[in-house]
Amino acid sequence: VHLVESGGGSAQAGGSLRVSCAAPGFTYTKFCMGWFRQAPGEEREEVAGIDTDGKTKYADSVKGRFTISKGSAENTVHLQMNSLKPEDTAMYYCAADRVCLIADGRIHPNLLDWNYRGQGTQVTVSS
């Protein structure tokens, strides 16, 4: 599964950016989709996920500021990032898998272990 990411870029603190991801060519297969990020020298961090029913889960660090949503085309997802902070600076990676469950405040399996991921798109927030 090839994931195509777009968006990202640079913003001032307090600003907004949007990143999008698509899995073209899989019209009849629904995927769970989400985002994780990794800053230089840091561990990967789950950001947000959405299951095939539209249930969502956010990392505490982005809750209330980021919104994940499905796009109008099958297997597309957007991550709207508002009130950006310098600590949001990272490479953002799209992830997908055929099966997941969002329950008990967690994503099962862990989004970081999902089978498919994109090449990443850089988000830089300056103070």
Side-chain angles (χ1 to χ4, degrees):
V1 176
H2 179 57
L3 299 178
V4 180
E5 296 149 330
S6 59
S10 300
Q12 297 276 344
S16 299
L17 287 171
R18 189 170 92 153
V19 291
S20 299
C21 176
F26 290 87
T27 307
Y28 301 107
T29 302
K30 291 186 177 181
F31 289 93
C32 299
M33 301 187 78
W35 297 88
F36 67 92
R37 65 188 181 187
Q38 187 167 26
E42 300 289 330
E43 297 287 322
R44 293 178 304 161
E45 178 189 16
E46 173 189 291
V47 175
I50 185 166
D51 70 11
T52 55
D53 293 327
K55 192 178 295 183
T56 59
K57 194 268 182 181
Y58 297 92
D60 288 342
S61 58
V62 306
K63 202 172 292 183
R65 300 188 297 121
F66 290 13
T67 302
I68 190 169
S69 61
K70 292 187 175 184
S72 56
E74 194 67 65
N75 296 322
T76 61
V77 67
H78 307 295
L79 183 68
Q80 178 66 41
M81 302 179 287
N82 298 330
S83 302
L84 284 163
K85 303 176 181 180
E87 50 264 43
D88 294 319
T89 295
M91 187 73 80
Y92 283 68
Y93 296 89
C94 180
D97 211 331
R98 285 185 167 85
V99 179
C100 77
L101 173 67
I102 296 180
D104 303 323
R106 297 179 62 184
I107 300 176
H108 307 270
N110 191 312
L111 186 150
L112 300 180
D113 297 326
W114 285 5
N115 282 306
Y116 311 110
R117 60 192 60 180
Q119 294 295 312
T121 184
Q122 180 67 37
V123 169
T124 302
V125 184
S126 56
S127 57

Kindly work out whether a path of hydrophobic side-chain contacts (I/L/V/M/F/W/Y, heavy atoms less than 4.5 Å apart) joins M91 to F36.
-> yes
Taking a hydrophobic cluster as the set of Ile, Leu, Val, Met, Phe, Trp and Tyr residues connected by side-chain heavy atoms closer than 4.5 Å, whether directly or through intermediates, do V123 and L111 fall within one such cluster?
-> no
Does V125 offer a backbone N or O that forms a donor-acceptor pair with the side chain of T89 under 3.5 Å?
-> yes
Sub-3.5 Å donor-acceptor pair from the side chain of E5 to the main-chain atoms of Q119, do we have one?
-> yes
Check: K70 side chain, T52 main-chain N or O, donor-acceptor pair, under 3.5 Å | yes
Taking all non-hydrogen atoms of both residues into account, name the closest pair between I107 and I102 and its distance.
-> CG1-CG1, 4.0 Å
Closest non-hydrogen atoms of Q12 and S127, given as atom of the first, atom of the second and distance, are OE1-O, 3.8 Å
Closest heavy-atom pair and its distance - A48, L79 = CB-CD1, 4.1 Å
What closest approach, in Å, do V19 and G8 show between heavy atoms, and which atom pair accounts for it?
-> CG1-N, 3.3 Å
Measure the spacing between OG of S61 and CZ of R37 and express it to the nearest 0.5 Å.
-> 4.5 Å
Give a yes or no on whether W114 and Y92 share a hydrophobic cluster (residues Ile, Leu, Val, Met, Phe, Trp, Tyr; joining criterion: side-chain heavy atoms under 4.5 Å apart).
-> no
Rounded to the nearest 0.5 Å, how far apart are NE2 of H78 and CE of M33?
-> 10.0 Å
Point-to-point distance, once rounded to the nearest 0.5 Å, from CH2 of W35 to CD of E46 = 14.0 Å
Quick one: does NZ or CZ of R117 land under 6.0 Å from the six-membered ring centre of Y93, within 45 degrees of the ring axis?
-> no
Within the side chain of Y116, is there an N or O that forms a donor-acceptor pair under 3.5 Å with the backbone of R98?
-> no
How many angstroms lie between atom NE2 of H108 and atom CG of D113, to the nearest 0.5 angstrom?
-> 12.5 Å
D97 side chain vs N115 backbone, donor-acceptor pair below 3.5 Å | yes
Is there a donor-acceptor pair under 3.5 Å between the side chain of T121 and the backbone N or O of G7?
-> yes
Evaluate the criterion side-chain contact (heavy atoms from CB on, under 4.5 Å) for residue pair D88 and R65; output intermediate values, then yes/no.
-> CA-CA 11 Å; D88 294 319; R65 300 188 297 121; 2.7 Å; yes
Calculate, to the nearest 0.5 Å, the distance between atoms CZ and CD belonging to R44 and Q38 respectively.
-> 7.0 Å
In Å, rounded to the nearest 0.5 Å, how long is the span from CD1 of I50 to NZ of K55?
-> 11.5 Å
Work out which heavy atom in S16 is nearest to a heavy atom in S83; give both atom names and the distance.
-> OG-N, 4.5 Å
Would you indicate whether R106, at its atom CZ, is surrounded by more than 12 heavy atoms from other residues, nucleotides or ligands within a distance under 6.0 Å?
-> no
Looking only at non-hydrogen atoms, find the nearest pair between Q122 and A90 and report the distance.
-> NE2-O, 3.4 Å
Determine yes or no for a side-chain-to-main-chain donor-acceptor pair under 3.5 angstrom, with D51 supplying the side chain and D53 the backbone.
-> yes
